[in-house]
Amino acid sequence: MENNKLVYKYFDDDDFLRITNKIKELELRTSGEIRVLFKDSHSFLSKNKSTAQIAHDEFFRLKMNETRDKTGILLFFLLEKRSFYICADEGIHSLVNQETWDKIRDKIQLCFKDGDYLHGILSGLDDIGSILSKHFPRKSDDTDELSNAVEF
């Protein structure tokens, strides 16, 4: 994590553990696969891309599109630009529109404006978990297909 110095301006290792544990807790109720990714800055190759485009690139790099039911969802934070995007796979997107994720994004942003970064993310994850458990309840043969750890 040495290359990710900016992220430590807002979070510490205990915060990352809380986020990871929240994802584990939520995935006990849904077949959805939730990931959180922080990037301090964009790469040279992505300098002309929007945050949404970078999030989609990262979604595929993390192989989130390879889940059994296409139920991956990524919370992507680009700290240098102070922006983030919620990116859902086609299985989720077929039932939940982007406007829903944008409302959650706006709610998270309000917490960020107050300097309550961890609460913003945990609250957003709770909202995402509620939506996923409604549309994609956990199946009896469900397995945790992706890591729950925060990605950098």
Side-chain angles (χ1 to χ4, degrees), residues 4 6-42 46 49-139 142 144-152:
N4 296 293
L6 187 56
V7 75
Y8 282 104
K9 180 178 178 182
Y10 305 101
F11 303 96
D12 61 31
D13 289 333
D14 286 339
D15 294 336
F16 301 135
L17 183 59
R18 287 185 185 100
I19 293 168
T20 297
N21 288 336
K22 175 59 75 175
I23 293 169
K24 285 180 191 175
E25 170 193 322
L26 295 171
E27 287 185 359
L28 292 174
R29 300 189 322 252
T30 179
S31 61
E33 291 289 332
I34 305 166
R35 300 288 316 264
V36 173
L37 169 63
F38 292 101
K39 283 236 184 238
D40 278 352
S41 60
H42 55 76
S46 64
K49 291 184 176 184
S50 70
T51 301
Q53 290 170 318
I54 298 169
H56 284 281
D57 291 347
E58 292 293 336
F59 187 90
F60 288 100
R61 181 185 68 79
L62 294 170
K63 300 184 185 315
M64 295 188 68
N65 60 311
E66 295 179 10
T67 61
R68 177 177 71 177
D69 297 322
K70 302 294 185 195
T71 55
I73 187 162
L74 175 66
L75 280 77
F76 173 75
F77 296 88
L78 187 57
L79 300 175
E80 177 185 66
K81 285 188 170 184
R82 294 185 176 185
S83 64
F84 67 98
Y85 187 78
I86 301 172
C87 179
D89 205 352
E90 61 190 52
I92 294 172
H93 201 63
S94 68
L95 296 176
V96 183
N97 62 28
Q98 186 61 43
E99 183 179 291
T100 301
W101 309 126
D102 291 345
K103 287 179 184 176
I104 293 171
R105 178 204 60 210
D106 294 346
K107 184 178 170 184
I108 294 170
Q109 281 179 326
L110 288 176
C111 291
F112 283 13
K113 285 180 183 178
D114 291 339
D116 199 354
Y117 305 105
L118 178 62
H119 175 74
I121 291 175
L122 295 177
S123 174
L125 286 170
D126 278 332
D127 292 344
I128 289 167
S130 293
I131 292 167
L132 292 179
S133 63
K134 176 183 172 188
H135 293 288
F136 306 97
R138 187 173 175 95
K139 297 176 180 178
D142 190 65
D144 198 357
E145 297 177 75
L146 301 173
S147 171
N148 298 323
V150 174
E151 181 79 22
F152 299 94

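Note that the coordinates shown come from a computational prediction; the quantities given were computed from them, not determined experimentally. Atoms considered below: every heavy atom in the structure, side chains included; atoms not considered: hydrogens, waters and symmetry mates.
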### Query
Can you find a heavy atom in the side chain of Ile104 that is under 4.5 Å from one in the side chain of Leu75?
no
### Message
Is the shortest side-chain heavy-atom distance between Asn148 and Lys22 below 4.5 Å?
### Response
no
### Query
With Tyr8, which of Phe16, Phe152, Phe38, Tyr117 fulfils ring-ring contact (aromatic ring centres under 6.0 Å, His included)?
Phe16
### Query
What's the verdict on salt bridge (charged side-chain N to carboxylate O under 4.0 Å, His left out) for Asp106 and Lys103, showing C-alpha distance, side-chain angles and the deciding distance?
CA-CA 5 Å; Asp106 294 346; Lys103 287 179 184 176; over 6 Å; no
### Message
Can you confirm whether Ile121 sits close enough to Phe112 that some side-chain heavy atom of one is under 4.5 Å from a side-chain heavy atom of the other?
### Response
yes
#### Entry: Whether over 12 other heavy atoms sit under 6.0 Å from Glu99 CD
no
### Message
Could you check whether atom NZ of Lys134 has more than 12 heavy atoms from other residues, nucleotides or ligands sitting under 6.0 Å from it?
### Response
no
### Query
Donor-acceptor pair, Ser41 side chain versus Glu80 backbone, under 3.5 Å?
no
### Query
Would you say Lys24 and Leu28 make side-chain contact, with heavy atoms under 4.5 Å?
no
### Message
Closer than 3.5 angstrom, by distance alone: can the side chain of Arg35 be matched with the main-chain N or O of Ser147 as a donor-acceptor pair?
### Response
yes
### Query
Would a 4.5 Å heavy-atom cut-off, applied to side chains only, mark Leu78 and Tyr85 as touching?
no
### Query
Under 4.0 Å between a Lys/Arg side-chain N and an Asp/Glu carboxylate O for Glu58 and Lys39?
yes
### Query
Does the side chain of Thr67 come within less than 4.5 Å of Leu146's, by heavy atoms?
yes
#### Entry: 4.5 Å side-chain heavy-atom contact, Asp142 and Arg68
yes
### Query
Ile92 versus Trp101: any side-chain heavy-atom pair under 4.5 Å?
yes
### Salt bridge Arg18-Asp15, side-chain N to carboxylate O under 4.0 Å
yes
